[in-house]
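Shown next, in structure tokens, is the structure this report addresses.
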Amino acid sequence: FQQRLTGPILTVPYQTYDFDKDNKRVNIDRHMAYFLPENLNVTGEMNPEVRKRGIFEVAVYTSNLKVDGYFKAPQLDISDKNYEVKWTDAFITIGISDLRGIKEDIKFKWNDTEMVCEPGVKIEKMIESGVTINKPLQPESSIKEYHFSFNLSLNGSKSISFVPIGKETIVNLSSTWTNPSFDGSFLPENRKISSAGFNADWKVLE
């Protein structure tokens, strides 16, 4: 199974509404405001193995990834006159295309506080599969940046890919695989392939 990593994405729910003649809220609509990292770094190693299935050979891998970066404190620009931001319902989503490949618990750190990852996503229209971290925010906080980091031990086959959602996304991968194929919208800025394996890095701006 191919693996694709997306995120993390910070989501802040909010509601818009009107008032009726009795000053009660009506026409309540729920919305989501999405925030992407200012910086996203992925560094990892891939350990390949070729397995036989009948007459076929299949390449599988174990990857050990370290992901870190930061968000700016979210600022909502809402045009509706009447709205309520649900800061305490904010959450973070990490998209992982096949959760069966996760081999160790994900220890997600948010400004050095370790947080629990729950399987499943709340933004299915954007990310179909992954994990969620509930993170209530304080709108009056003096914190200007939120730093995050987590390690991900992920198994897969055929390919691994990364969605460059950061304003700056940097990926570095190394492996003992000697015959890699690089594709997608962005090719490596630098690559080195030898009899010992490969090392490649990408840098993508928003």
Side-chain angles (χ1 to χ4, degrees), residues 3-19 24-44 65-99 101-102 104-154 161-171 204-206:
Q3 292 287 15
R4 182 177 66 253
L5 180 66
T6 307
I9 296 172
L10 174 62
T11 303
V12 179
Y14 68 96
Q15 293 180 346
T16 59
Y17 53 87
D18 297 316
F19 289 106
K24 292 182 179 180
R25 292 185 183 185
V26 295
N27 301 326
I28 299 174
D29 291 321
R30 182 177 172 84
H31 307 273
M32 300 284 192
Y34 304 107
F35 300 90
L36 304 179
E38 295 293 307
N39 175 261
L40 178 63
N41 301 297
V42 182
T43 304
L65 307 174
K66 177 183 171 73
V67 183
D68 62 69
Y70 74 95
F71 292 88
K72 284 185 178 178
Q75 302 289 328
L76 276 72
D77 183 13
I78 303 172
S79 59
D80 296 77
K81 181 179 179 181
N82 303 313
Y83 67 89
E84 180 184 6
V85 180
K86 300 289 188 177
W87 293 104
T88 57
D89 294 336
F91 59 90
I92 302 152
T93 305
I94 303 171
I96 301 170
S97 55
D98 198 322
L99 296 181
I102 299 176
E104 295 181 7
D105 290 339
I106 302 173
K107 296 180 179 179
F108 186 89
K109 286 188 176 181
W110 183 261
N111 277 1
D112 295 326
T113 299
E114 192 166 293
M115 307 188 67
V116 176
C117 295
E118 300 177 355
V121 297
K122 300 179 183 179
I123 50 174
E124 295 89 349
K125 291 183 179 180
M126 181 178 294
I127 294 180
E128 296 181 355
S129 174
V131 298
T132 298
I133 303 100
N134 294 313
K135 182 63 187 82
L137 297 178
Q138 302 295 330
E140 304 303 325
S141 172
S142 61
I143 297 175
K144 301 301 182 184
E145 295 179 354
Y146 294 103
H147 293 256
F148 64 85
S149 65
F150 62 94
N151 293 326
L152 182 60
S153 180
L154 194 62
S161 58
F162 306 91
V163 180
I165 65 168
K167 288 190 176 179
E168 180 183 64
T169 300
I170 297 173
V171 177
V204 182
L205 303 179
E206 66 174 338

#### Entry: Gln138, CD atom: more than 12 neighbouring heavy atoms under 6.0 Å
no
### Task
Would you please classify the geometry between the Phe19 ring and the Tyr17 ring as parallel, tilted or perpendicular, with 30° and 60° separating the classes?
perpendicular
### Message
I'd like to know whether CD of Glu84 has more than 12 heavy-atom contacts from other residues, nucleotides or ligands below 6.0 angstrom.
### Response
yes
### Query
So, the side chain of Thr6 versus the backbone of Gly95: is there a donor-acceptor pair under 3.5 Å, distance only?
no
### Query
What is the ring orientation for Phe71 with Phe148, classed by angle as parallel under 30°, tilted 30 to 60°, or perpendicular over 60°?
tilted
### Task
State the CD1-CG distance between Ile165 and Leu36, to the nearest 0.5 angstrom.
5.0 Å
### Side-chain heavy-atom pair Gln3, Asp98 within 4.5 angstrom cut-off
yes
### Task
Determine yes or no for a side-chain-to-main-chain donor-acceptor pair under 3.5 angstrom, with Thr43 supplying the side chain and Lys66 the backbone.
no
#### Entry: Neighbour count above 12 (heavy atom, 6.0 Å) for Gln75 CD
no
### Message
Can you confirm whether Pro8 sits close enough to Leu40 that some side-chain heavy atom of one is under 4.5 Å from a side-chain heavy atom of the other?
### Response
yes
### Message
Within the structure provided, determine whether Lys86 and Tyr14 are in side-chain contact (heavy-atom separation under 4.5 Å).
### Response
no
### Query
Can you find a pair of side-chain heavy atoms, one from Ile9 and one from Phe35, that are under 4.5 Å apart?
no
### Query
Are Gln15 and His31 side-chain neighbours, meaning at least one heavy-atom pair lies under 4.5 Å?
no
### Task
Before giving the answer on side chain to side chain contact (heavy atoms under 4.5 Å, CB included), spell out for Ile92 and Thr11 the whole-Å C-alpha distance, their side-chain angles and the decisive distance to 0.1 Å.
CA-CA 6 Å; Ile92 302 152; Thr11 303; over 6 Å; no
## Note on the structure
Rounded to the nearest 0.5 angstrom, the OG-CG distance for Ser149 and Asp112 is 7.5 Å
### Query
Are any non-hydrogen side-chain atoms of Met126 and Glu128 less than 4.5 angstrom apart?
no
### Query
From Asp89 CG over to Lys135 NZ, what is the distance, rounded to the nearest 0.5 angstrom?
12.5 Å
### Task
Scan Leu10, Val12, Ile123 and name whichever one has a side chain to side chain contact (heavy atoms under 4.5 Å, CB included) with Tyr34.
Ile123
### Task
Report the C-alpha distance between Asn151 and Leu65 in whole Å, list the side-chain angles of each, state the deciding distance to 0.1 Å, and finish with yes or no for side chain to side chain contact (heavy atoms under 4.5 Å, CB included).
CA-CA 6 Å; Asn151 293 326; Leu65 307 174; over 6 Å; no
### Message
Do Lys72 and Lys144 make a side-chain contact, defined as non-hydrogen atoms from C-beta onward lying under 4.5 Å apart?
### Response
no
### Query
Rounded to the nearest 0.5 Å, what separation is found between the OG atom of Ser153 and the CD atom of Glu104?
4.5 Å
### Query
Under the criterion ring-ring contact (aromatic ring centres under 6.0 Å, His included), which of Tyr146, Phe150, Tyr70 is the partner of Trp110?
Tyr146
### Task
Apply the test side chain to side chain donor-acceptor pair (under 3.5 Å) to residues Glu118 and Thr132: give CA-CA distance (whole Å), side-chain angles for both, the deciding distance (0.1 Å), then the verdict.
CA-CA 5 Å; Glu118 300 177 355; Thr132 298; over 6 Å; no
### Task
Compare every heavy atom of Leu99 with every heavy atom of Gly130, then report the nearest pair and how far apart it is.
O-CD1, 3.6 Å
#### Entry: Value rounded to 0.5 Å, distance of CD1 in Ile127 from OG1 in Thr93
5.5 Å
### Message
Rounded at 0.5 Å granularity, tell me how far CG in Asp18 sits from NZ in Lys81.
### Response
10.0 Å
### Query
Any Lys/Arg nitrogen of Lys167 or Glu38 sitting under 4.0 Å from an Asp/Glu carboxylate oxygen of the other?
yes
### Query
Applying the side chain to side chain contact (heavy atoms under 4.5 Å, CB included) test to Val67, which of Val42, Ile106, Val171, Asn41 qualifies?
Val42
### Task
Ignoring hydrogens and angles, tell me if any N or O in the side chain of Ser129 forms a donor-acceptor pair with the backbone of Ile96 under 3.5 Å.
yes
### Query
Does Lys122 make a cation-pi contact with Phe91 (under 6.0 Å, within 45 degrees of the axis)?
yes
### Task
For the pair Ile94 and Phe108, evaluate side chain to side chain contact (heavy atoms under 4.5 Å, CB included) and give the outcome as yes or no after the intermediate values.
CA-CA 10 Å; Ile94 303 171; Phe108 186 89; 3.8 Å; yes
